[in-house]
There are 2 protein chains.
Amino acid sequence: MDAINAKLHENSYRLTGQRKAILNVMLENQGRHLSAEEVFWEARKIFPNIGIATVYRTLEKLASLEVLYKSMFEGNKYRYELAEDENHHHHHVLCLACGQISEVSGDLLHELESKLDEKGYKIIDHELKFYGYCPACNKEK
Amino acid sequence: MDAINAKLHENSYRLTGQRKAILNVMLENQGRHLSAEEVFWEARKIFPNIGIATVYRTLEKLASLEVLYKSMFEGNKYRYELAEDENHHHHHVLCLACGQISEVSGDLLHELESKLDEKGYKIIDHELKFYGYCPACNKEK
DNA sequence: TACAATAATGATAATTATTATCATTATCAA
DNA sequence: TTGATAATGATAATAATTATCATTATTGTA
Ligand SMILES: [Mn+2]
Ligand SMILES: [Mn+2]
Ligand SMILES: [Zn+2]
Ligand SMILES: [Zn+2]
């Protein structure tokens, strides 16, 4: 939290009550991937008058500072999670039956990236999603 | 085109003039990734009265038959392209400077997929995107 | 401490892509 | 030819996000 505060301060972003509330929501929900609206309702429990615009603005700001990581799963809305590692993020498995999002840490993509380097590309980041069935749903069939 | 017609027929989807126009647009733009609106304007040149709703409906249908492949790049709108291979699709490199989308064929993901299999997942598909600079933009710097 | 500059907020309007509705028209199979 | 069904186009509705703007809060400085 102090690290985050410092990061905000560096960029002259003020750590207001609203932003604190949103950060608390994200900290309390580590491992989950929350939509802006979900964050909004959780944040209201801590800071009742917070507006949805502030939630969107704050999530955006925190994502741009890489405090949060923003991604899209079903293709209609963004979801946010705390960005643990500075350098590289993990990948996701989306269950086609129950919608559960689980995570994969292994990173076999450097090989492919270096192939692209050889071709003249400069790869900065990548995003990988798996679609399938989680162990629970897979067992049921 | 005959293969596509057969596919439509199997599912009792009629190959109307509008659908033919849209398919022509996609065939004439192989390698490109078109949004619904781009398809709409191109299709109007062939079939002037075609409506945007028909374009959306047709793209959706063709994607569900795997004649087209649908994906999202910048996070606001879907893009469509002809699906060449029945089995597995290619991956994309999005240039952070010029926005150009290029393609990668190599597929090193089976390794990761089999690791997930061992954990009890059943992986059906995956989606991989690289973000970086294309050779041209990379040279400029 | 008071003040002026600046940043942040909340309400709400606007935007954008997509989907739903529905009356009309086209196509198919018998 | 005809009746059933599918497809179409115009347009309304939806849903997520962004923009606007007047008001309020915070900050560093005099
Ligand atoms: Mn995650
Ligand atoms: Mn492609
Ligand atoms: Zn599941
Ligand atoms: Zn480029």
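Throughout, a chain's letter reflects where its sequence line sits, starting with A, and its residues are numbered from 1.
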Rounded to the nearest Å, what distance is computed from the CG atom of residue B:N76 to the P atom of nucleotide C:dA14?
21 Å
Rounded to whole Å, how long is the line connecting atom CZ of B:F47 with atom C1' of D:dG9?
11 Å
Verdict with supporting geometry, B:H33 and B:E38, side-chain hydrogen bond (donor to acceptor under 3.5 Å, both in side chains):
CA-CA 10 Å; B:H33 305 80; B:E38 285 169 341; over 6 Å; no
Go through the steps to decide whether B:I50 and B:R44 satisfy the test side-chain contact (heavy atoms from CB on, under 4.5 Å), and finish with yes or no.
CA-CA 6 Å; B:I50 195 172; B:R44 285 228 134 178; 4.0 Å; yes
Let me know the distance between CD of B:E37 and C1' of C:dT15, rounded to the nearest Å.
13 Å
Please tell me which of the listed nucleotides, D:dT18, D:dT8, C:dA11, lies nearest to the side chain of B:T58?
D:dT8
Counting only side-chain heavy atoms from C-beta out, which of C:dA17, D:dA7, D:dT11 sits nearest to B:I52?
D:dT11
If you assign each of B:Y80 and A:V55 to its closest nucleotide in DNA chain C, which residue comes earlier from the 5' end?
A:V55
Do A:L8 and A:R14 have side-chain heavy atoms sitting under 4.5 Å apart?
no
Please table the atom pairs, donor to acceptor, closer than 3.5 Å between any side-chain atom in residues 21-32 of chain A and protein atoms at least two apart or in another chain.
| from | atom 1 | to | atom 2 | distance (Å) |
| --- | --- | --- | --- | --- |
| A:N29 | OD1 | A:R32 | NH1 | 3.3 |
| A:N29 | ND2 | A:V25 | O | 2.7 |

Flag the pair B:L128 / B:V104 as yes when at least one side-chain heavy-atom distance between them is below 4.5 Å, and no otherwise.
no
Checking side-chain polar atoms at under 3.5 Å, does A:H91 have a donor or acceptor matched by the opposite partner on A:E103?
no
Counting only heavy atoms from other residues, nucleotides and ligands, does the tally under 6.0 Å from NZ of B:K122 exceed 12?
no
Picking from C:dA11, D:dT8, D:dT17, the nucleotide nearest the side-chain atoms of B:R57 would be D:dT8
Of the candidate nucleotides C:dT18, C:dA11, D:dA7, which contains the atom at the shortest distance from the side chain of B:Y78?
C:dT18
Rounded off to whole Å, could you give me the CG-to-P distance for the B:L59 and C:dT19 pair?
11 Å
OH on B:Y13 to OG on B:S64, rounded to 0.5 Å
5.0 Å
Would you say C:dG10 has OP1 or OP2 under 4.0 Å from some side-chain N or O of A:Q18?
yes
Rounded to the nearest Å, what distance is computed from the OH atom of residue B:Y13 to the P atom of nucleotide D:dT8?
12 Å
Phosphate-side-chain proximity, B:R19 and D:dA7, N/O vs OP1/OP2 below 4.0 Å
yes
Measure the distance from NZ on A:K77 to P on C:dT18 and round it to the nearest whole Å.
16 Å
For nucleotides 24-30 of chain C, 5' to 3', base contacts (B), sugar-phosphate-only contacts (S) and non-contacts (-) with protein non-hydrogen atoms under 4.0 Å give ---BS--
Mind grabbing the angle between the end helix axes of the helix from C:dT1-D:dA30 to C:dA30-D:dT1? Five pairs an end, 10° rounding.
30°
How many Å lie between CZ on B:F40 and C1' on D:dA10, as a whole number?
11 Å
Closest-nucleotide mapping onto DNA chain C: is B:S35 or A:N49 further toward the 5' terminus? I mean the 5' end.
A:N49
Taken to the nearest whole Å, CD/B:E74 to C1'/C:dT16 is 13 Å
Verify the ring-centre separation between A:H92 and A:F130: is it less than 6.0 angstrom?
no
B:Y56 side chain near C:dT18 phosphate (N/O to OP1/OP2, under 4.0 Å)
yes
Would you say the side-chain atoms of B:S71 and B:Y80 include a donor-acceptor pair closer than 3.5 Å?
no
Select one nucleotide: of D:dT20, D:dA10, D:dT8, the one nearest the side-chain heavy atoms of B:R44.
D:dA10
